Visitor: 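Pasting a structure here, questions to come.
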Amino acid sequence: MKYNFNALEKKWQDYWAKNETFKASNESDKPKYYVLDMFPYPSGAGLHVGHPLGYIASDIYARYKRHKGFNVLHPQGYDSFGLPAEQYAIQTGQHPAVTTEANIKTYRRQLDQIGFSFDWSREVRTSNPDYYKWTQWIFIQLFESWYNNDTHKAEHIDALVKVFEAEGNQNVNAAFDDDTEAFTADEWNAYSEAEKQHILLKYRLTYLAETEVNWCPALGTVLANDEIVNGVSERGGHPVIRKKMTQWSMRISAYAERLLQGLETIDWTDALKDIQRNWIGKSVGASVTFNVVSEALEDTNSEDTSSASVSKHTIDVFTTRPDTIFGVSFMTLAPEHELVSQITTEAQKAEVEAYVEATAKRSERDRMADVKTISGVYTGAYAEHPFTKEPIPIWIGDYVLASYGTGAVMAVPCGDQRDYDFAKHFDIPIPNIFEGVDISEEAFADKDKTIIANSDFINGMNYKKATKRVIYELEQIGQGQGKTNYRLRDAVFSRQRYWGEPFPVYYKNGLPQMISENYLPLTLPEVEKYLPTETGEPPLGNAKVWAWDTNQCAVVSNQLIDNETVFPIELNTMPGWAGSSQYFNRYMDPRNDKEIFSQEAINYWQQVDLYIGGSEHATGHLLYSRFWQKFMFDKGLVPVDEYAKKLINQGMILGTSAIAHRISGTNQYVSNGLKNDYSVEEIRVDVNLVNSSDEVDIESLKNWQPQFKDAEFILEDGKFIVGREVEKMSKRWYNVVNPDEICEQYGADSLRLYEMFLGPLEQYKPWNTAGITGVHGFLKRLWKLYYDDNGFKVTDTEPNKDNLKTLHKTIKKVEEDIENFSFNTSVSTFMIAVNELTAQKCTSRSILESLLILISPYAPHIAEELWEQLGHSTSIATASFPMFEEKHLVESSKNYPISFNGKMRFTLELPLDMSKEDIEKTVLAYEKTREQLQGRTPKKVIVVPGKIVNIVG
RNA sequence: GCUGAAGUGGUGGAAUUGGUAGACACGUUGGACUUAAAAUCCAAUGGCCAUUAUGGCCGUGCGGGUUCAAGUCCCGCCUUCAGUACCA
C-alpha cells in the first residue's frame with residue numbers, strides 16, 4: 001500500500017472536525033494548559049508558507065501537552081477589523097464585512113488543510129458585534145475609572161467624586177493631566193455639572209483631549225507612535241505630519257511603572273522585554289523649577305537682576321543629573337514650548353518667531369535625519385538659578401523635544417554633550433564643575449567617576465550623594481523634588497475610519513456620555529461611502545442612522561438630532577489594537593452574552609501558558625494588552641495581572657527572490673553568470689518559474705508577463721540562470737510560495753515537518769522549496785516501516801535491545817526538544833530513529849506504536865492513519881506520551897579496570913562494541929596521556945576506540 | 001550613538017555542565033534499477049598533503065588568554081541583523 005498523503009490527510013481532518021477531537025472543556029480532572037497564537041488579520045492575499053510557522057510550533061506543543069495528560073485550550077480566531085478591507089471598500093464599494101467574510105473562508109480552508117488542532121467552537125472575530133460588544137464594554141469601564149497612585153490601582157470614578165466633594169483635589173495622588181488646576185471642596189461643589197465633567201475627563205483612564213497627533217493625510221487618519229516607521233506610516237509608507245485634534249486617549253502612562261515591573265514576573269525573551277523597557281523609558285532624576293526674571297532685565301541694568309522682582313513665570317525642567325545643577329550656564333526650551341511667546345523680549349521677538357516657524361515647517365522626518373546641525377535662538381529672557389540666584393539666559397533650540405519631560409532643559413554644557421555642542425556653537429560659557437576632569441574637548445558624562453567641584457554645598461561629593469543633597473535642598477526652598485520620568489506616552493485611541501469598533505459614546509452639550517452597557521453592542525451603521533465626509537468628518541459621518549435617542553435608548557436617524565433627547569454619536573472608531581487587547585480572555589468563554597467571561601471560566605484557565613507570535617508587536621499589541629489586563633485585574637475581573645506566562649517570538653520565513661538581469665535600455669535578458677559583461681538592471685521574476693538550479697523555463701517566463709513575450713535571452717551553457725536574493729516574502733517581489741501547492745504536492749505533514757526543520761523557531765530563515773524532499777522522503781520511509789509490498793507488516797514480536805535503545809533515545813531527545821522549543825532537531829531525531837529501525841528490520845508493535853505517538857504532534861495525519869492500522873479505534877491525540885527508561889541506554893558501555901605501577905587505580909568506561917585491539921590501544925594511549933597529568937587522579941576518562949579523547953579531573 | 005541577538009562546509013543548520021566539530025537535510029559527484037524519465041536504493045562529499053590499507057597538518061569572523069581539553073569561558077577588535085534614536 002502506498003503512502004497516499006492527500007487522501008489520508010483529508011480523511012483525518014474530516015474525522016477531527018466531525019468528532020470535535022480538540023474541543024476543550026472548561027472543567028476537567030486534568031491540569032489545564034492554554035496555548036495561544038496571535039490571531040491573524042484575514043488579508044485578501046491568503047496565507048503564504050511563512051504565516052503558519054508559529055501556528056505549527058504552537059500546534060506541536062498543544063498536541064504534545066495533550067499526550068502528556070493536560071486539558072489543553074488551543075483556540076483560533078480573526079483580528080478582522082482593519083485598514084486593508086476598508087481601503088478595498090473605498091476602491092470597489094464592497095462592504096468590508098463581505099470581503100472580510102470571504103477572506104476568512106479562505107483562511108479557514110488554508111488553516112484546515114494544515115491539520116491544526118484548534119478548538120474552532122471557540123472562534124472569535126473582532127468585527128462581530130457579539131465580540132466587540134465587550135470591547136466597547138471595557139472602554140466604558142476605563143471611562144468610569146481613574147488611577148490612584150497611592151493604592152497603585154485603578155478605582156471607580158465615583159470614589160474620586162466623593163473625595164472631591166469632601167476635600168477638593170489637593171490631596172489626591174492620581175495619574176491625571178498636568179494642566180489640571182487645584183480646587184477645594186467648596187469650589188468643586190459650586191461647579192456646574194459641565195465643569196465637573198470637564199475636570200473628571202482629566203482623570204479618567206480613557207479621556208477626550210486635544211492632543212498633538214500623528215496625522216496621515218493620505219490615509220485620512222491618526223496613527224499611534226508604533227504605527228509610524230521612519231517618519232512614514234507603517235501601512236502604505238505615506239508621510240505623517242503633526243496636527244492638533246480632539247481625540248480619545250488611553251491613560252497607559254498611569255501603568256508605566258507596573259508595566260515595567262511586570263516584565264520581571266513573566267517568561268518572555270530578554271530581547272522583547274528590552275524593547276518594552278526602552279519604549280517605557282524610565283529615567284530617575286529631579287524636577288527643578290526656575291523662576292523667569294525677564295521683564296526686570298528688559299527694563300533695568302543687569303546688576304539689578306539678583307534683586308529684581310521675580311516674574312510670575314516659572315520653567316519646570318526634568319533632569320537626571322541634579323548633581324550638576326551648579327554647572328548650568330543656560331536653559332533651552334523646545335520651540336513649541338508654551339512660554340516661548342510670553343518671555344521673549346521685544347528685541348528678540350522677530351528672530352524667535354522666525355525660528356519657531358521654521359521648525360514647525362520641518363517635518364519630523366527632516367528633524368530626525370538632521371541631528372548634527374546645531375540651531376537655536378536666544379529669547380532675551382533670563383531665569384534665576386535656584387541656589388546662586390545668578391541670571392541664566394534662556395534659549396530655544398530644536399534639540400529639545402516638546403514631547404519629552406517638560407519640553408525644557410537646564411543646560412549643563414560640561415556634563416552633557418548636546419548642551420556642550422550648543423554652548424560651543426553659540427559661544428556660551430562652559431563652567432567646569434568636575435574635579436580633575438578636562439572639558440576643553442568634550443563634555444564629561446561618566447556618572448560613576450564624577451566628583452563635584454565649584455558647587456557650594458556639594459563640593460567633593462560623588463554623583464549619588466550630591467544628587468540626594470541637591471534634591472533635599474530644592475525641596476527646602478520649594479523649587480524642586482525627586483522625580484521619575486517615563487517616555488511612554490498616552491495612546492491615542494481614535495481612528496478616522498469606518499471598519500473598526502464604534503465608540504459607545506454620544507455627545508450632550510459637547511460632553512461625552514457613555515451609552516449604558518445594557519444597550520451594547522452599539523453596532524456599526526451602514527454607510528454609502530467609506531471615505532471621510534465632505535466636511536472632513538470621519539466616514540461614520542456618512543451614516544444616515546447614527547444618533548442616540550435617550551428615550552428609546554436606540555440608534556435613530558441623525559436627522560432627528562435635537563440635543564435634548566436625541567444626540568450625535570461619536571464618529572471615530574477604535575484602533576486595531578482595541579479588539580486584540582482582550583481576545584485571549586474571551587476565548588475562555590466566547591459565547592457568553594451576559595458577561596465578558598464567567599468567573600468560573602477565568603478562574604479555571606487563569607492565563608495563557610504559552611503565547612506564540614511575532615516580535616513586531618512588541619510596542620503595540622503586546623504592550624496595550626498588558627495594560628488592559630492590569631486594568632481588568634484592578635477591577636477584579638481577572639485573577640492575574642499578566643495574561644501570558646511565556647511568550648515565544650517566531651522568526652519570519654523569508655522568500656528567495658529570483659532576479660533576471662536586463663541589459664539597460666533593451667529588451668535583452670542576460671544569464672546571471674554573464675551579467676558583469678553588461679550594464680544591467682534587476683527584474684524580479686516569479687520564483688515558481690525557477691527550478692532548484694536557478695534555471696528559468698523561458699517558455700513559461702514569456703507567458704508570465706507581456707514584457708517577456710518578445711524578449712531575447714542570452715544564455716550560458718544553453719541555460720538562462722537567475723540571481724537570488726533573500727528578502728521578505730511578498731507579492732511585490734514575486735517570491736511568495738503558497739502552502740496550498742505544497743500541501744497538494746507533498747502533503748500537510750511534509751509542510752509541517754519542513755517548516756520546523758528549516759531552523760530554530762525564533763530565527764529568520766529563507767524558504768527553499770527544493771529542500772522539502774528531505775522530510776517528504778522521511779515520511780515515505782516511515783510509512784515503509786509499517787507497510788511493504790505485501791501489506792501491513794507489524795508483528796507482536798518482542799522488541800530487541802537495539803529496538804529499545806533506538807526508541808528510548810528518541811523519546812528522551814524529542815521530549816527535551818519540545819520542552820525547549822527546539823523543534824528543528826527533533827525532526828532529525830525522527831529521521832535517525834526511522835533509519836535505525838529500518839536497518840534493524842524492526843516490526844515490533846510496541847516500538848512502532850510508541851514511535852507514532854512521538855511523531856504525531858509533528859505529523860499528525862500519517863500518525864493517525866498508522867495508529868488506526870495498528871488497531872486503535874480512538875484518535876492518537878488521546879494516547880499517552882511514552883515513558884523514557886534510562887536502563888535501555890546505559891547498557892551500552894562496560895567498565896575496564898586500568899592499572900599502572902602494578903596497582904589498580906580506577907576504571908575506564910568503554911563502549912561495549914569496542915574491539916580487543918581498540919581496547920589495548922586505548923589503554924596504551926591512556927598510559928601516554930597519564931604522563932601529562934603529573935600525578936593527578938582523573939575523575940573520568942573519555943574515550944573513543946583507539947584514542948584517549950580527554951581526561952576530566 | 002545606545003540596547004539586544006548572532007557570525008560554524010557550496011546551502012539550511014547540529015554539537016548537555018568546556019570533552020570525537022560539521023549530526024540531520026539540501027545540493028553536488030559516482031553507481032544500481034529503467035528503452036528513457038520520475039521514483040527508489042547504495043557510496044563519496046570541510047580544506048590541504050600523502051596514499052598500498054594504515055595516515056599527517058590546518059580548520060567554528062579576527063587577535064590574544066585560561067585549561068590536560070575551547071565553537072562553547074575571559075580580554076580586545078571586526079562584521080551582520082533587529083529595536084531605538086537629540087529622552088535632558
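Remember, it's a predicted structure, so these values are computed and weren't measured experimentally. Throughout, protein chains are lettered first and strands after them, A, B, ... in sequence-line order, and every chain is numbered starting at 1.
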Visitor: Quick one: is B:A88 close enough that its OP1 or OP2 comes under 4.0 Å of any side-chain N or O from A:Ser283?
Guide: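 Yes, within the criterion.
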
Visitor: Output the rounded distance in Å from CD1 (A:Ile832) to C1' (B:C24).
Guide: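 After rounding, the gap between these two atoms is 6 Å.
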
Visitor: Looking at B:U84, B:C24, B:C26, which one has an atom nearest to any side-chain atom of A:Met831?
Guide: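 Nucleotide nearest to A:Met831's side chain: B:C24.
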
Visitor: Taking A:Thr289 as the fixed residue, which of A:Thr406, A:Thr314, A:Asp316 is the one that meets the side-chain hydrogen bond (donor to acceptor under 3.5 Å, both in side chains) rule?
Guide: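 Exactly one pass, corresponding to A:Asp316.
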
Visitor: Taking OP1 and OP2 of B:G12, is either one under 4.0 Å from a side-chain nitrogen or oxygen of A:Asn824?
Guide: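 So the side-chain polar atoms of A:Asn824 never come under 4.0 Å of the phosphate oxygens OP1 or OP2 of B:G12.
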
Visitor: Given the P atoms of B:A6 and B:C74, what is the spacing between them in whole Å?
Guide: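 13 Å, rounded to whole Å.
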
Visitor: Around A:Lys728, counting heavy atoms of other residues, nucleotides and ligands shown, do more than 12 lie under 6.0 Å from its NZ?
Guide: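 Result for NZ/A:Lys728: open.
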
Visitor: Report the residue (A:Asp817 or A:Ser828) whose heavy-atom-nearest nucleotide on RNA chain B is the more 5′ of the two.
Guide: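 Comparing both residues, the 5'-ward one is A:Asp817.
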
Visitor: For the side chain of A:Ala770, counting heavy atoms from C-beta on, which of B:U84, B:C26, B:A14 is nearest?
Guide: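 Output: B:C26.
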
Visitor: For the residue pair A:Met831 and A:Glu836, establish whether any side-chain heavy-atom pair is separated by less than 4.5 Å.
Guide: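 Not in contact.
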
Visitor: Suppose you measure atom P in B:G10 against the same atom in B:U45; what distance do you get, rounded to whole Å?
Guide: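 Approximately 15 Å lies between the P atom of B:G10 and that of B:U45.
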
Visitor: Quick check: on RNA chain B, is the nucleotide nearest A:Asn835 upstream (toward 5') of the one nearest A:Ala408, or the reverse? Name the residue that is more 5'.
Guide: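 Of the two residues, A:Asn835 wins.
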
Visitor: Holding to salt bridge (Lys or Arg N to Asp or Glu O under 4.0 Å), I want the full list of residues that pass it with A:Asp267, two or more places apart in sequence or in another chain.
Guide: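 Only A:Lys646 meet the salt bridge (Lys or Arg N to Asp or Glu O under 4.0 Å) criterion with A:Asp267.
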
Visitor: B:C78 and B:G64: how far apart are their C1' atoms, nearest whole angstrom?
Guide: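 It works out to 15 Å between them.
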
Visitor: Taking only nitrogen or oxygen atoms into account, show me every contact under 3.5 Å that the protein makes with nucleotides 1-10 of chain B, one pair per line with its distance.
Guide:
unit_1	atom_1	unit_2	atom_2	d
B:U3	O2'	A:Asp274	OD2	2.3

Visitor: Could you check whether A:Asp490 and A:Ser253, counting side-chain N and O atoms only, form a donor-acceptor pair closer than 3.5 Å?
Guide: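 Present: a donor and an acceptor within the cut-off.
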
Visitor: Which part of the nucleic acid does A:Gln763 contact within heavy-atom distance under 4.0 Å: base, sugar-phosphate only, or nothing?
Guide: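 Touches sugar-phosphate only.
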
Visitor: Between A:Asp421 and A:Arg418, is there a salt bridge with N-O shorter than 4.0 Å?
Guide: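 Salt bridge flag = no for A:Asp421 with A:Arg418.
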
Visitor: In whole angstroms, how far is the P atom of B:A88 from the CG atom of A:Asp316?
Guide: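 Nearest whole value for this atom pair: 17 Å.
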
Visitor: Can you tell me if A:Asn485 uses its side chain to pair, donor with acceptor, with the backbone of A:Ser283 under 3.5 Å?
Guide: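 Flag not set: sc A:Asn485 to bb A:Ser283 has no pair under 3.5 Å.
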
Visitor: Would you indicate, yes or no, if B:U40 has its OP1 or OP2 atom less than 4.0 angstrom from a side-chain nitrogen or oxygen of A:Lys780?
Guide: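 For A:Lys780, the contact criterion (side-chain N or O under 4.0 Å from OP1 or OP2 of B:U40) is met.
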
Visitor: I'd like to know if A:Glu755 pairs up with A:Lys765 as an ion pair, taking the criterion as any Lys NZ or Arg NE/NH1/NH2 lying under 4.0 Å from an Asp or Glu carboxylate oxygen.
Guide: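 Result for this pair is no, no salt bridge flagged.
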
Visitor: Between A:Glu264 and A:Arg277, does at least one N-O distance fall below 4.0 Å, as a salt bridge requires?
Guide: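 Yes, this pair counts.
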
Visitor: Side chain of A:Thr773, heavy atoms from C-beta onward: which of B:U40, B:C87, B:G27 has the nearest atom to it?
Guide: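 In terms of side-chain proximity for A:Thr773, the closest of B:U40, B:C87, B:G27 is B:G27.
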
Visitor: Measure from CG on A:Asn4 to C1' on B:A39 and round the result to the nearest Å.
Guide: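 Answer to the nearest Å: 15 Å.
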
Visitor: Does the side chain of A:Tyr404 get closer than 4.0 angstrom to OP1 or OP2 of B:A88 through an N or O atom?
Guide: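 Checking B:A88 against A:Tyr404, a side-chain N or O does come within under 4.0 Å of OP1 or OP2.
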
Visitor: Would a 4.5 Å heavy-atom cut-off, applied to side chains only, mark A:Asn649 and A:Leu761 as touching?
Guide: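 No. Closest side-chain heavy atoms not under 4.5 Å.
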
Visitor: For RNA chain B, what dot-bracket results from Watson-Crick or G-U pairs at under 3.5 Å, with [ ] for crossers and | for inter-strand partners?
Guide: (((((((..(((......[....)))((((((.......))))))((((.....))))..(((((..]....))))))))))))....

Visitor: Given the C1' atoms of B:A85 and B:U11, what is the spacing between them in whole Å?
Guide: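 So the two C1' atoms sit 36 Å from each other.
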
